[in-house]
Amino acid sequence: MKVVLQAIIGSISIHVIYVVVMMLVGYIKTKNYKPDIESAWDTVATLQNEVEFGSVTPPYFYVLSFLGVSVICGIVILSYEKLMN
């Protein structure tokens, strides 16, 4: 039971770190973006006329991701314990 709890905590940690890093990358890219307005006039035909603010990920993807990372963390923890004993 101890290994299962450690694997779940490890999976939660990895997912939280991933989300925080992706938010930081998006923030830094947004903060440092400098549009080139002068050259944008040359490519007016290729500009999009619709905007997508995000995409929808099915909810089961998050469950499968969490379970998969938990299994991997459990395998790593068990392997580490076997190597140390």
Q | Joint cluster assignment, Ile17 & Met22, ILVMFWY side-chain distance < 4.5 Å | A | yes

Q) side chain to side chain contact (heavy atoms under 4.5 Å, CB included) with Ile75: which residues, sequence neighbours excluded? A) Val71, Ser79

Q) Which residues, ordered by chain and number, are linked to Ile9 in its hydrophobic cluster, where ILVMFWY side chains connect at heavy-atom gaps below 4.5 Å, directly or through other members? A) Leu5

Q) Apart from Val3 itself, which Ile, Leu, Val, Met, Phe, Trp or Tyr residues share its cluster (side-chain heavy atoms under 4.5 Å, direct or through members)? A) Ile77, Leu78

Q: Report yes or no: do Ile72 and Tyr80 belong to one cluster of Ile/Leu/Val/Met/Phe/Trp/Tyr joined by side chain heavy-atom distances under 4.5 Å?
A: no

Q: Ignoring hydrogens and angles, tell me if any N or O in the side chain of Ser11 forms a donor-acceptor pair with the backbone of Phe66 under 3.5 Å.
A: yes

Q: For Val19, enumerate each residue passing the side chain to side chain contact (heavy atoms under 4.5 Å, CB included) test, keeping only those at least two apart in sequence or located in another chain.
A: Met23

Q. Could you state the interatomic distance from CE (Met1) to CD (Gln6), rounded to the nearest 0.5 Å?
A. 11.5 Å

Q | Counterpart residues, side-chain hydrogen bond (donor to acceptor under 3.5 Å, both in side chains), relative to Ser65 (two or more places apart) | A | His15

Q. Got a second to check how far Ser70's OG is from Ile14's CD1, nearest 0.5 Å?
A. 8.5 Å

Q: Using side chain to side chain contact (heavy atoms under 4.5 Å, CB included) as the criterion, list what pairs up with Val63, not counting sequence neighbours.
A: Leu67

Donor-acceptor pairs under 3.5 Å, side chain of residues 28-37 to any protein atom, not counting sequence neighbours: which ones?
residue, atom, partner, partner atom, Å
Thr30, OG1, Gly26, O, 2.8
Asn32, ND2, Ile28, O, 3.3
Asp36, OD2, Ser39, OG, 2.7

Q) For Phe61, which fellow cluster members are found when Ile, Leu, Val, Met, Phe, Trp and Tyr are connected by side-chain heavy-atom distances below 4.5 angstrom, either directly or through intermediates? A) Tyr62

